[in-house]
Amino acid sequence: MKYIKLNDEVKIPVVGSGTNTFGTVDNKYNGPLRGDTEEVDWAIENGYRHFDSAELYKNEVVVGTGIEKSSIPRETFFITTKLNTRVEYDNVEDEIKNSLEKLKTDYVDLYLIHFPIDDNEEMLKIWKVLEDYYERGVLKSIGVSNFKKEHLDLILENGRVKPSVNQIKSNVSEWNNELIEYHNEHGIATVSWGPLGGIDENAKQVLQEIGDKYGKTYAQVVLRYQIERDVIVIPKSHNKERQAQNIDIFDFELSEDDRERIEKL
């Protein structure tokens, strides 16, 4: 596994597993929980130690239970979760404590504000609470998700702690290069959600042509392209074999010509 060192010296695995429909009936987003941890179990068997969760997904307990019953030491795992800023909430501290309880842990490796909000003053208040928990060691690293440049500027200009990551859309449909360049200029790591999205038939054909040279699938080529530019990826799959493929991307390297073709998709 390749790791990236964040601006707070925390090391994050460059490949993790998305989890937003893990453990739900018919794999439906925010569907009722089935009562098992099958996808998390498979991911752990396949070598995943980085899991990306969120309060909004309503299944943090699935991730926490799967990790707990694996009997693998907690410190071996990197767990991300997120504050749900799409609903009214009374107390950020309560939200953090609830996530810790569901994840069955006393600390989170990375805690994110899931979405920016319109009220700058309120956003800075939220960030201050995260800073306090970061300084206490409960949140080992803090960052944001779906933030644009202006939202990042607000935190950078007014916060005590710089966001360690911004989790954004970055895939074939929209690489988001300009924002990623901004992240790089400010020492903020990029995490790509939905890294396998936006692939139409034409793109799939090009990607598979590239993959055939290395004995890899089109999905593995896309993920490899992202990590070669230091973008952290969190692909999600309900299929054990595809999970294994998504993490099996460290035994080849794309040529410059390959990268140029992918960039133009």
Side-chain angles (χ1 to χ4, degrees), residues 1-4 10-29 31 33-54 57 59-82 102-105 108-110 165 167 170-172 189-197 199 204 207-208 210-212 214-228 230-254:
M1 176 60 68
K2 174 183 176 183
Y3 291 79
I4 287 178
V10 169
K11 291 183 178 179
I12 182 172
V14 75
V15 179
S17 174
T19 65
N20 67 357
T21 53
F22 278 9
T24 63
V25 174
D26 297 327
N27 304 336
K28 289 185 177 179
Y29 184 75
L33 298 181
R34 300 188 309 258
D36 65 74
T37 60
E38 184 175 61
E39 299 95 341
V40 175
D41 299 343
W42 290 342
I44 293 172
E45 287 179 35
N46 280 322
Y48 287 84
R49 296 297 181 265
H50 172 188
F51 288 92
D52 181 271
S53 61
Y57 307 157
N59 65 349
E60 288 171 309
V61 66
V62 174
V63 176
T65 301
I67 288 174
E68 182 182 58
K69 75 176 189 177
S70 75
S71 297
I72 296 172
R74 163 66 181 92
E75 59 269 21
T76 304
F77 291 94
F78 190 101
I79 302 175
T80 298
T81 197
K82 312 176 191 79
K102 293 172 185 174
L103 289 166
K104 303 178 185 298
T105 182
V108 171
D109 298 276
L110 176 60
V165 311
Q167 186 178 125
S170 176
N171 57 36
V172 171
T190 302
V191 179
S192 166
W193 57 256
L196 298 177
I199 301 175
K204 184 183 291 187
L207 293 165
Q208 193 56 63
I210 294 171
D212 288 343
Y214 305 102
K216 295 294 182 180
T217 68
Y218 74 90
Q220 289 171 311
V221 169
V222 171
L223 296 174
R224 180 69 199 185
Y225 172 74
Q226 292 275 47
I227 68 168
E228 283 190 11
D230 289 331
V231 172
I232 300 153
V233 291
I234 46 172
K236 180 198 70 177
S237 178
H238 291 268
N239 179 282
K240 187 176 182 179
E241 182 179 345
R242 284 195 291 273
Q243 283 186 358
Q245 291 173 348
N246 289 341
I247 205 171
D248 183 22
I249 58 174
F250 298 100
D251 58 352
F252 74 109
E253 186 173 343
L254 297 168

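All values below were derived from every heavy atom in this structure, side-chain atoms included, with hydrogens, water molecules and symmetry-related copies excluded.
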Please check: side-chain N/O of Ser53 versus main-chain N/O of Glu60, any donor-acceptor pairing under 3.5 Å? no

Compare every heavy atom of Asn246 with every heavy atom of Ser237, then report the nearest pair and how far apart it is. CB-ND2, 4.2 Å

Would you confirm whether Thr19, through its side chain, and Asp52, through its main-chain N or O, come within 3.5 Å as a donor-acceptor pair? yes

Just by modelled atom types, is the Trp42 backbone N or O under 3.5 Å from a matching donor or acceptor in the Asn46 side chain? yes

With sequence neighbours left out, write down each residue that passes salt bridge (Lys or Arg N to Asp or Glu O under 4.0 Å) with Arg74, or none if nothing qualifies. Asp109

Between Arg224 and Phe252, is there a donor-acceptor pair closer than 3.5 Å when you use the side chain of the first and the backbone of the second? yes

Calculate, to the nearest 0.5 Å, the distance between atoms OG and CD1 belonging to Ser192 and Ile234 respectively. 7.5 Å

Between Pro235 and Val15 the two heavy atoms that sit nearest each other are CD-CG1, 4.4 Å

Keeping the roles fixed (side chain from Gln220, backbone from Ile249), state whether a donor-acceptor pair exists under 3.5 Å. no

Locate the shortest heavy-atom distance separating Val108 from Ile79; write the atom from each residue and the value. CG1-O, 3.3 Å

Kindly say whether Pro195 contributes a backbone atom to a donor-acceptor pair with the side chain of Gln226 at under 3.5 angstrom? no

Could you walk me through whether Thr105 and Glu68 pass side-chain contact (heavy atoms from CB on, under 4.5 Å), step by step? CA-CA 9 Å; Thr105 182; Glu68 182 182 58; over 6 Å; no

Once rounded to the nearest 0.5 Å, what's the spacing between atom OG1 of Thr190 and atom CG of Asp230? 9.0 Å

Considering non-hydrogen atoms only, spot the tightest contact between Phe22 and Asn59 and give its length. O-ND2, 2.9 Å

OG1 (Thr80) and NE2 (His50) are apart, to the nearest 0.5 Å, by 4.0 Å

If we only count heavy atoms from C-beta on, is the Thr24 to Tyr57 side-chain gap below 4.5 Å? no

Could you tell me whether a side-chain N or O of Gln208 sits under 3.5 Å from a main-chain N or O of Ala219, the two making a donor and an acceptor? no

First locate atom CZ of Phe250, then atom CG of Leu223, and finally report the distance between them rounded to the nearest 0.5 Å. 9.5 Å

What closest approach, in Å, do Val40 and Gly66 show between heavy atoms, and which atom pair accounts for it? CG1-CA, 3.8 Å

Heavy-atom donor-acceptor pair, Thr37 side chain to Asp41 backbone, under 3.5 Å: no

Just wondering, do Thr81 and Lys102 contact through their side chains at under 4.5 Å, heavy atoms? no

With heavy-atom distances below 4.5 Å as the criterion, would you say the side chains of Val222 and Asn171 are in contact? no

Please check: side-chain N/O of Asn239 versus main-chain N/O of Glu241, any donor-acceptor pairing under 3.5 Å? yes

Search all heavy atoms of Arg34 against all heavy atoms of Val25 and return the closest pair with its distance. CG-N, 3.6 Å

Mind checking whether Phe51 and Phe77 have parallel, tilted or perpendicular rings, split at 30° and 60°? tilted

Can you tell me how far apart NZ (Lys236) and CG (Asn27) are? Round to the nearest 0.5 Å. 7.5 Å

Got a second to check how far Asp26's CG is from Thr21's OG1, nearest 0.5 Å? 11.0 Å

N/O donor-acceptor pair under 3.5 Å between Gln243 side chain and Glu39 backbone: yes

Do the side chains of Leu110 and Val165 get nearer than 4.5 Å, heavy atoms only? yes

What do you reckon, is NZ of Lys2 surrounded by more than 12 foreign heavy atoms closer than 6.0 Å? yes

